[in-house]
Every structure is written in C-alpha cells, then in structure tokens.
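Data first, discussion second: the structure below is written as structure tokens.
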Amino acid sequence: MTVRLYDSATRETTDLVPVVPGQVSIYHCGLTVQGPPHLGHIRKEVVFDVLRRWLERAGYEVTIIANVTDVDDKIIAKGREQGRPWYAVAYENERALHAAYEVLGCTAPTYEPRATGHVPEMIEMMQTLIERGHAYAADDGSGDVYFDVRSWPAYGALSNQKVDEMQAAEDAPPEGKRDPRDFALWKGSKAGEPETASWPTPWGRGRPGWHLECSAMAAKYLGHEFDIHGGGLDLRFPHHENELAQSSAAGQAFARRWMHNAMLNLGGAKMSKSVGNTLSVSEVVKRFPAIAVRYYLLAAHYRSVIEYSEEALAETAVAVERITGFVTRAAELVGPGEPGEVPAEFAAAMDDDLAVPAALAILNGSVTRGNGQLATGGPELAATLAEVRGMLDVLGVDPLSPVWVARGGASGADAALDSLIGDLLDQRATARADKDFAAADRVRDQLTAAGIEIEDTPHGPRWTVKGQ
RNA sequence: GGUGGGUUGGCCGAGAGGCGAGGCAACGGACUGCAAAUCCGUGUACACGGGUUCAAAUCCCGUACCCACCUCCA
C-alpha cells in the first residue's frame, strides 16, 4: 500500500516518496508561546499525531520536529504587563502546550527546539544569504536584517502569488527595507527591551525573526532536504513562503511537500487570539470527555474547515460512547487482547490523503457487527474487537490504551464500589426471580440516583458510572 | 485588487459523472417483566440560474453568500 498525500504547494495528491526509504521526516510549525493553546492550535497537533500513527503503521520510522517560538514582541510585552521575565511567560505556556498534548493523547514530537537556542545557526544562515546576495543588513542602524524578495524570482511559488500583485504591508514602516515586501530575518533590539531578549550578531544585538528560526531549525534537525513541512493553512503565506525562500536561496532543497490543515472556526471566523474568539483546550476538556474532543477534531477531514459548535461536540460525545461502549463490553467478555490489523478499506481510506471520515464509516460498520456478536461472544467477537481497536489505535482513540485508561486513577475504591453494587445487583436478581419487580426497580432506581447505570446483558447485569 | 477553499437531508459530515458513505436526532419493529444497551427497518439531500451528457451533487458558464491568506496568527 502506498500513502498518498495532498501537497499544498502543487495542489495535487501524490505518492509519498521519502528522501530516505523507510523514514519520514516532518517539520511542523509549533506555537508562539504567548498564551495557552486553544482548540485550533491543538487541531493541528491531533492531525499530525494521526499522520504519524498512520505512517508508523505503514512501517515508516517517523521523525517529527516542531519548533517553539519562545521569544517575540507579544511575549516580551506580556512579560512587561505581568511584571515578570518574558521567558517565564514563554515557559509557562510551553508547559500548557505539553499538558494539552497529554490530555488529548498526542504523542509529543520527537523534539521541540526553541528559537532562542538556535541563534548561531540563524547567524550562519544569514551570512550565507548575505554572501549570496539575497539578504542585507538595514542601513538605518536598526540592526535589522532583511531578505531581499526581489533577488529571489521564485518568491511566491508556494502561495501561487506574484510579488507585484501583493498588497504591501502598511503597518510596518519600511524604514530600512529596499522593498516593502522584504521581510525580517533578524530584528534588531530596540530601546527599552530587556537585555535578556537580545543576542549578539555581526549586525548588532537583536533577536530571531520568526521565519528564519524555522528554516534554521528544520535544517539542523532534519537536514537540507526533508519529507513534509506542515502547519496551519494560515501560515502558508507569509511564513511558509518566507521559509521556502530563505532555505532555497541558501542552497537547500528544503521540504519535498507541504501539508496544511484547515482552520477551526468559532462564530464564523478563525479561532485566534487577535479576534478574541478562542476556547482553550483546558476549558473544553472540563466540559467534554477528552477522548470525545480528540475524536471531534479528527473526525472531519484535515483539509476541511471545522465550524466549532458545542452541539456538534456533544453529538460527537454520544457517537464516541457507542464505540467505547462496544470496546469495553467486548473486552469484558473476551479480554482486551491487542489492537490488531485494520480492514483493507480502512487502510485504503487512510492512504488516500488521510480520509478519516471514510475510515470512520468502516470503523462504524465493524462496531455494528461487533455489537451483534456481543450476545454470543467467542473468537469472532475477539477478532472484531482486535480490528476495532486497531482502527481506534490509528486514530489515537482506543479507550483501552493506557493513555485513556490511566485517567480514572483506579484505586481500592473501585473494588469496594464493585463489591457494594454487586450485592445490590444480587438483591435485584433475587427480586426479579420472585417476580417482585417493584423491589427490583427500587434497587435500580437507587443506583440510578447515585449515578450508576444498569443494563441487563445475556451474560448478566453490568454497571457503569454515568458519563464515563 | 490578487491567491486558494467552501455552500450536501433536522444537525454533523464524506463523496467529485451512473448503484442514497457514516454518525447524531426522529419514527416504527425486535429483544426486555419494564427499562437501558444493542440490532433491524424508515430519508430520494446536494446554494441559485443556465448549459454539456444517454446520465450531473459531481463537468462548463453565470449569480449569490461564506471562510482563509496577501499584517502577528495552528
């Protein structure tokens, strides 16, 4: 089987052919840690986590690098507002990002380099670009270093734009720029900025420009040519366009393909701090089970916009309960087993540019079949369970995975509860055998009132704590 | 002004020339002492107006509306 992916540079879906056979190297733009991650940020993490899982299933060894932009204007401003060092702000939000990975079951990237740790690599790259005539230090004494857009004819290739048709930036005064579209590789430090937020260079003290850091770190950890560069669609221009220009102008082959995930909208607009329509991961996870939130984010195709709605998320939670319900019931009967091989149609869907919606249709079919086998149990059920767990494992929503099981914090209390409820269910069984249904229902009502749901199965009654 | 993407049944959400993806909700049935859970069944949806074709949600032309990017942004 061949994994095929859409390349947003060429706008075509093509076979994934890695630079190094058997290995896939991925760089995706992480966060500028100026605040805790919102649902839109984490959608990207979930998308690339599913990609990684699928590539690993396909037998590839996957390396993922995601940068952490830990210094920029907003982080510095926030530190000033809050009366603490800018790096304390950055670090706190970096930890919040890691907490979000964890709560949604995302495996952390192979490595997350920080911008501030890669200044020498950036200086080296700027020197190369200056020598090659594609960059220049501003002659206004600002310490800024700019990329010379006019010197690179391919500029605009990624976003399919022509330099002359672009609107020039109006906000930034073009002081030291030769062309208004030139972008900063390096930002000279300004008066009043903390000393800790600047690093020495041949052009004066300053700090990394956002675009350059990604080029420098991608090259350092993945080499001059790697397989996939990813990120949110909003980064395609200017950020990714600029990265591509810098790296290729510096003589590097850079990314073989580009993968952009669509945005998560709230109230008809992209979720973003500047619009103010954000929903933090930590808040959403308080209202809905984390596994349902993850499922919600991955259930739509990664290139489709998700218009966030609480109702849709609530519906998703119900759909997830049907799936997890099957897995837990089946596991009680035949044992959990291990995640197994996925059906061919599921694999075909995933191979086709991660067609998760089509893959979920196959998953649901297997769950329906499995639910039908629940009455009899046996090897057929065990096989269906393995197949379902295999599919859920690819998507990172296998309820029996340690990632989700550990949540409850199993303790002696569970055993005690099971014993107590077991006694009550025995009383109910006796009452039912005597056809004393009023007494039987009283027991069930009592348990329901305590948040315990009872269902009678061909193998006897089972209980669950409501909402878990 | 430029570059992309979108509009699918009550809701979510795939598909991209020809057999009604899938889920949620609803209704009917089976199972149950009654429930719950589960299973089975029930829907002729593709923004609008033209056109191409034996056949269009899917291709072409036009119109309307929406989103993203061209500025920090996953």
Side-chain angles (χ1 to χ4, degrees), chain A residues 8 11 28-32 34 37-48 66 69 72-74 156 158-172 181 183 210 230-241 260-265 268-275 295-296 299-301 303-307 309 311-323 325-326 329 345 349 355-365 367-375 431-432 435-438 440-441 444-445 448 453-458 461-464:
Chain A
S8 43
R11 274 152 277 133
H28 67 251
C29 292
L31 287 199
T32 300
Q34 49 177 272
H38 64 234
L39 218 50
H41 293 135
I42 214 70
R43 178 186 186 185
K44 187 209 67 176
E45 306 302 339
V46 170
V47 164
F48 282 92
T69 299
D72 86 326
D73 289 330
K74 287 181 181 172
L158 177 63
S159 54
N160 196 27
Q161 298 184 99
K162 295 189 178 73
V163 173
D164 291 317
E165 284 168 353
M166 292 179 199
Q167 287 178 352
E170 289 165 15
D171 63 330
R181 296 167 195 82
F183 57 89
W210 178 41
L233 188 55
D234 53 349
L235 298 191
R236 197 176 53 150
F237 189 92
H239 185 235
H240 291 335
E241 188 77 67
H260 294 284
N261 63 280
M263 299 292 98
L264 177 81
N265 284 187
K270 178 180 76 168
M271 189 174 283
S272 74
K273 279 165 224 153
S274 48
V275 177
Y295 189 99
Y296 176 72
H301 188 94
R303 289 192 283 119
S304 294
V305 173
I306 296 178
E307 180 64 47
S309 97
E311 293 72 32
L313 180 46
E315 276 181 9
T316 296
V318 174
V320 170
E321 270 176 40
R322 174 171 168 273
I323 295 166
F326 163 70
R329 286 182 188 95
E345 302 96 311
V356 174
L360 289 177
I362 305 304
L363 169 69
N364 277 301
V367 169
T368 299
R369 177 159 40 84
N371 273 325
Q373 295 165 340
L374 234 29
R432 290 178 75 201
K435 305 253 188 258
D436 183 359
F437 297 121
D441 288 349
R444 190 170 64 194
D445 290 346
T448 304
E453 288 183 332
I454 300 304
E455 60 183 270
D456 292 316
T457 78
R462 69 188 288 273
W463 64 271
T464 45

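Here is how names work: the chains are called A, B, and so on, in the same order as the sequence lines, proteins then strands, and each is numbered from 1.
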Gap between atoms [atom1] and [atom2], on [X] and [N] respectively (whole Å):
{"X": "N265(A)", "N": "rG6(B)", "atom1": "CG", "atom2": "C1'", "answer": "11 Å"}
{"X": "E311(A)", "N": "rA25(B)", "atom1": "CD", "atom2": "P", "answer": "15 Å"}
{"X": "E315(A)", "N": "rA26(B)", "atom1": "CD", "atom2": "C1'", "answer": "12 Å"}
{"X": "K270(A)", "N": "rG4(B)", "atom1": "NZ", "atom2": "P", "answer": "19 Å"}
{"X": "L235(A)", "N": "rC69(B)", "atom1": "CG", "atom2": "P", "answer": "10 Å"}
{"X": "R236(A)", "N": "rA68(B)", "atom1": "CZ", "atom2": "C1'", "answer": "9 Å"}
{"X": "L313(A)", "N": "rC11(B)", "atom1": "CG", "atom2": "P", "answer": "18 Å"}
{"X": "F183(A)", "N": "rC72(B)", "atom1": "CZ", "atom2": "P", "answer": "11 Å"}

Which residues pass the salt bridge (charged side-chain N to carboxylate O under 4.0 Å, His left out) test with D234(A), sequence neighbours left out?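 If we apply the salt bridge (charged side-chain N to carboxylate O under 4.0 Å, His left out) test to D234(A), skipping adjacent residues, the hits are K270(A).
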So, for P37(A) and L31(A), which heavy atoms are closest and what is the spacing to 0.1 Å?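 Residues P37(A) and L31(A), closest heavy atoms: CB-CD1, 4.0 Å.
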For a quick test of reading the model, state the closest non-hydrogen atom pair linking R432(A) to A440(A) and the distance between them.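 Closest approach of R432(A) to A440(A), heavy atoms only: CG-CB, 3.5 Å.
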On a whole-Å scale, what distance lies between the [atom1] atoms belonging to [N] and [M]?
{"N": "rC65(B)", "M": "rA26(B)", "atom1": "P", "result": "37 Å"}
{"N": "rC12(B)", "M": "rA47(B)", "atom1": "P", "result": "14 Å"}
{"N": "rA30(B)", "M": "rA36(B)", "atom1": "C1'", "result": "15 Å"}
{"N": "rG43(B)", "M": "rA21(B)", "atom1": "C1'", "result": "15 Å"}
{"N": "rG2(B)", "M": "rU63(B)", "atom1": "P", "result": "13 Å"}
{"N": "rA45(B)", "M": "rG15(B)", "atom1": "C1'", "result": "13 Å"}
{"N": "rU42(B)", "M": "rC54(B)", "atom1": "C1'", "result": "32 Å"}
{"N": "rG17(B)", "M": "rA56(B)", "atom1": "C1'", "result": "6 Å"}

Holding to side-chain contact (heavy atoms from CB on, under 4.5 Å), I want the full list of residues that pass it with A355(A), two or more places apart in sequence or in another chain.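 Here the qualifying residues are A349(A), A358(A).
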Identify, with sequence neighbours excluded, every residue that meets side-chain contact (heavy atoms from CB on, under 4.5 Å) alongside T316(A).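 With sequence neighbours excluded, T316(A) shows a side-chain contact (heavy atoms from CB on, under 4.5 Å) to Y295(A), Y296(A), V320(A), given in chain and number order.
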Has the side chain of E455(A) got a donor or acceptor atom that lies under 3.5 Å from a matching backbone atom of R462(A)?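 Side chain of E455(A) to backbone of R462(A): no pair is present.
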Within the 4.0 Å heavy-atom criterion, would you say [X] contacts the bases, only the backbone, or no part of the nucleic acid?
{"X": "G325(A)", "value": "nothing"}
{"X": "L264(A)", "value": "base"}
{"X": "S274(A)", "value": "base"}
{"X": "T32(A)", "value": "sugar-phosphate"}
{"X": "G156(A)", "value": "nothing"}
{"X": "G40(A)", "value": "base"}

Between I323(A) and L363(A), is there a side-chain heavy-atom distance shorter than 4.5 Å?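 Contact flag for L363(A)/I323(A) side chains = yes.
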Check: K74(A) and T32(A) side chains under 4.5 Å, non-hydrogen atoms: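 Result no, sub-4.5 Å side-chain heavy-atom pair not found.
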I'd like to check the side chain to side chain donor-acceptor pair (under 3.5 Å) partners of [X]; sequence neighbours left out, ordered by chain and number.
{"X": "N364(A)", "value": "R322(A)"}
{"X": "D73(A)", "value": "R207(A)"}
{"X": "Q373(A)", "value": "T384(A)"}
{"X": "R303(A)", "value": "D353(A)"}

Just to verify, what does H301(A) make a ring pair (Phe, Tyr, Trp, His ring centres under 6.0 Å) with, not counting sequence neighbours?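 Testing H301(A) for ring pair (Phe, Tyr, Trp, His ring centres under 6.0 Å), a comparison that skips the adjacent residues, returns none.
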The criterion is ring pair (Phe, Tyr, Trp, His ring centres under 6.0 Å); which residues satisfy it with H240(A), sequence neighbours excluded?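 H229(A), W258(A), H260(A).
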In the 5'-to-3' direction, what one-character label does each nucleotide of nucleotides 27-39 of chain B receive under the scheme B = base within less than 4.0 Å of a protein heavy atom, S = sugar-phosphate only, - = no such atom? ------BBBBSSS
From the options rU3(B), rG22(B), rC70(B), select the nucleotide whose nearest atom is closest to the side chain of P238(A).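 Of rU3(B), rG22(B), rC70(B), rC70(B) is nearest to the side chain of P238(A).
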Quick one: on RNA chain B, does R43(A) or L360(A) contact a more 5' nucleotide (nearest heavy atom)?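 Final value for this comparison: L360(A).
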Report the residue (R303(A) or T316(A)) whose heavy-atom-nearest nucleotide on RNA chain B is the more 5′ of the two.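 Final value for this comparison: R303(A).
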Could you list the protein-to-nucleotides 14-18 of chain B atom pairs, N/O on both sides, closer than 3.5 Å?
from: rA14(B); atom 1: OP1; to: H301(A); atom 2: N; distance (Å): 2.7
from: rA14(B); atom 1: OP1; to: S304(A); atom 2: OG; distance (Å): 3.1

Any N or O donor-acceptor pair linking the side chain of Q161(A) to the base of rG2(B) at under 3.5 Å?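 Answer yes: a donor N or O sits under 3.5 Å from an acceptor.
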Starting at the 5' end of RNA chain B, what dot-bracket string do you get if Watson-Crick and G-U pairs under 3.5 Å are bracketed, crossing pairs use [ ], other-strand pairs use | and unpaired bases use dots? (((((((..(((.....[...))).(((((.......)))))....(((((..]....))))))))))))....
